[in-house]
Amino acid sequence: MIEVPVNGGLTGIVRVALDVPIHTLFDYMADEPVAPGQRVVVPLGRRQMIGVVMESVATSDLPHGRIKKVLRVLDDSEPLSAGLLELLKFCSDYYHYPIGPTVISALPTRLRSDKPLAVRRDIRYRLIRDEADSLPRRKSVARRIVEKLAAHPCSLAQIRALSATAGAQLKWLEQEGWVGQCEMSGELPAPPVQLVNAHSLTMEQQQAVDAVTQSSNFGCFLLHGITGSGKTEVYVHLMHCMLQPCPELGRMGGGQILLLVPEINLTPQLEGYFHSRFPDVPLVSLHSGLSENQRLDHWQQAQTGYARIVLGTRLSVFAELPRLSLIIVDEEHDSSFKQQDGLRYSARDVAVFRASQVGIPIVLGSATPSLESYHNAQIGRYRLLKLSGRAKADARLPEVSCININQSVMTEGVSEKLMREIVLRISRGEQSLLFINRRGYAPVLMCTECGWLSDCRNCAGKMVLHLADRKLRCHHCGLQISMPASCPSCGHAGLHPVGSGTQRVESLLRARFPDARILRVDRDSTRSKRSWQKMREQIHANEVDILVGTQMLAKGHDFPELTLVGVLGADSALYSADFRASEKLFAQLMQVAGRAGRADKAGCVLIQTAFPDHPLFRCLERHDFDEWATLLLAERRMAGFPPFVFQAMLRAEGKNENDVYAYLGKARAAAIELQREVEVFGVVPASLARRANHVRAQLLIQAGSRKILQQFLRDWRIDEIPAPRLHCSLDIDPLEF
Ligand code: ADP
Ligand code: ZN
Ligand code: ZN
């Protein structure tokens, strides 16, 4: 088939990506000119669908008379760029996910419908009278607006960010003739970008900045530095540099920065932070918490090149960024960068591809890099940049040690030693944090008479006891029942909660320290949007003595009064079936340890464990990530696990066990028949073998190189294996087992 390159817009046969789970594009006839990347409305069967034109071709496999017509060309949004279309094609190929859903799901929801978009007029406000001093004294917000506009014109959103009343004050300023509107195209005059409060960098920081800015082309850098070592300061300096115009590289107006962060409700905080460092630079966020209209607006601000910094969770890796000059992935090891349904992409890996596609540097930052990235740095594929100390001269590393639970007096899972340390903190007016990665009261309820356990009737898991509202809840399928008063099996009244969750630790502490102010932070206590924000303020105001919480507390917060961290229930990860569990545990503990003693107060971390001599804890006590990573990598190499092999996981789930296993059995037979250099494992139950009454099983394929694996996957043709009544998915580079 001959392809006709299309630049401007052609009529003729166009190939369209539609949200249909088939690995193909759909051919249509366009009567009016349409460019690749443009959204169109087309008929499919009896329906009408929104699609994106991928290319224009001279001939079609369909007989001429059967090619239907494009019904409408939606021209109220700019066409997707060739670069983005290429990126999406790459993702569809690499993740073996149909091109149509890949393209459509990358769009903001508003662009997936044909509802007319409000024509985006880039209204900015500009200053007419620059005499802030002659404003009435009491008009402090108006004064701030005038001061801001004196620097350069701003959007309504930027002005609103100043204060809750800024919108009203702006109206007043407009009426009084201080401020006028002007229309802006994407190309704003680039103001010399101002960086506020820049620290003079340490030598290591400077070396890191230099290494990245001197790379005029693609390069992947792994910035490895413990919490508090000054990674954020390195990001900020790099951003400052890459925002400036760079005529040699054709960036006359200055670059755009994509900063990817994990999905942890931190974006508003981070937005405030980066805004305070770059007050003149238009910055938008992209994450799933935005309304559809906000997301479209932010997406378009990035697309026009107006937003210069895009701060986003994994989905923002597909944002249009015409002047992209640098990508930063913060906490690159975080598993939330991997999407767990639909297009199962790793935003970190896609970001690396994108940087190479555009020819720009990318920085992956972490205190505990993923073994994949660490290995890549060791073999020279990535360049390692190391920050080995804490940036502030007076900041000390926390002291980490273990409490052997087999040799300690314990009360409901908490050792007396830890209790004594808490008492000490309370007496000093300092905060303690008890970290336990399990919410609820107890993970299971048991009958002491007959051994009955609170199994979920829909899943292979246990129902968790939530004592506050006397419920048993399944965290897998959401099933919820009242807590039985007596054993459902034998009628015995002695039901016993086994193990601990956050609620149990909380109630134990309340009984022990009735006067202490105790705050529990987990998914249950922070359901509403505002509650977590409020809790954070309480912690900062030192209105809390003891915090009990899950990993929500471990990430990215700076609690200056926190000097003690106790870790409970860590051991389960040591003998988990998931080979990544100990890698995750180490990262989590390192992160939570980083919470202790950030200010000038020394911190102390006490880990309760039955295995105080385990290398994981030994390395943690010495803050030695390198030794830990070396150990794990040696283990992975011996066992033939990633990053030394490349994996794909075929999963199937359905109501009928026979269907599930028959399908995977056929897929397995087809895989073996191909006789490739891949290892085809047996069909096994998933780690949660039944969820919401669906049987779940999986088949793992492994190869020594990406290339061999990809070639195998292309030839495997699993789409041709019938999968009646099943939900199947192929996961490339899976993280969950
Ligand atoms: P990380 O992102 O690695 O956790 P940050 O960049 O947040 O570290 O830095 C930790 C603390 O050290 C912050 O309070 C920051 O202001 C400070 N800091 C960073 N770099 C320097 C520097 N070069 N000199 C002095 N203080 C610094
Ligand atoms: Zn019983
Ligand atoms: Zn369940």
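Note that this is a predicted model, so its numbers are computed, not measured. Excluded from the calculations below are hydrogen atoms, water molecules and symmetry mates; all remaining heavy atoms, backbone and side chain alike, are included. All ligand and atom numbering here is 1-based and tracks the order in the structure. Numbers for residues simply follow the sequence, beginning at 1.
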Rounded to 10°, how many degrees is the angle SG/Cys447-the Zn ion (ligand 2)-SG/Cys450? 110°
Per-residue contact class, Ile226 against ligand 1 - non-hydrogen pairs under 4.0 Å: backbone
Polar-atom distance check: Thr227 versus ligand 1, any N or O pair below 3.5 Å? no
Can you check whether His475 and His466 have ring centres sitting under 6.0 Å from each other? yes
Presence of salt bridge, Asp731 and Lys338, under 4.0 angstrom: yes
Restricting to heavy atoms, the pick from His237, Glu204, Gln206, Glu233 nearest atom 6 (O) of ligand 1 would be Glu233
Can you tell me if, anywhere in Cys477, an N/O/S atom lies at a distance from the Zn ion (ligand 3) that is smaller than 2.8 Å? yes
Location of contacts on Ala367 toward ligand 1, heavy atoms closer than 4.0 Å: neither
Output yes when Arg277 and Glu233 qualify as a salt bridge under the 4.0 Å nitrogen-oxygen rule, no when they do not. yes
Measure His199 to ligand 1 on non-hydrogen atoms and call it side chain, backbone, both or neither using the 4.0 Å cut-off. side chain
Within 4.0 Å of some non-hydrogen atom of Thr202, the atoms of ligand 1 are 23 (N)
Could a heavy atom of Gly594 be found less than 4.0 Å from some atom of ligand 1? no
Examine Leu201 against ligand 1 and note whether any of their N/O atoms are separated by less than 3.5 Å. no
Assess Gly225 for proximity to ligand 1: is some non-hydrogen atom of it under 4.0 Å away? no
Count the heavy atoms belonging to other residues, nucleotides or ligands that lie under 6.0 Å from CD of Gln339, then report whether that count exceeds 12. yes
Kindly say whether Glu263 contributes a backbone atom to a donor-acceptor pair with the side chain of His287 at under 3.5 angstrom? no
For Ser200, counting its heavy atoms only, list the atoms of ligand 1 lying under 4.0 Å from any of them. 22 (C), 23 (N), 24 (N)
Indicate yes or no: does Glu537 engage Lys534 in a salt bridge with an N to O separation below 4.0 Å. no
Show which atoms of ligand 1 fall inside a sub-4.0 Å distance from at least one heavy-atom site of Ser229. 3 (O), 8 (O)
Confirm or rule out an N/O/S atom of Cys487, from backbone or side chain, lying less than 2.8 Å from the Zn ion (ligand 2). yes
Answer yes or no as to whether an N/O/S atom of His476 is found below 2.8 Å from the Zn ion (ligand 3). no
At the Zn ion (ligand 3): angle between Cys456 atom SG and Cys459 atom SG, to 10 degrees: 110°
Salt bridge check, Glu372 against Arg580: does any charged N sit closer than 4.0 Å to a carboxylate O? yes
Is it true that Arg425 and Thr563 share a donor-acceptor pair across their side chains at a distance under 3.5 Å? yes
Residue Asp469 excluded, over 12 heavy atoms near CG under 6.0 Å: yes
Is it true that Arg527 and Asp524 have a side-chain N and a carboxylate O under 4.0 angstrom from each other? yes
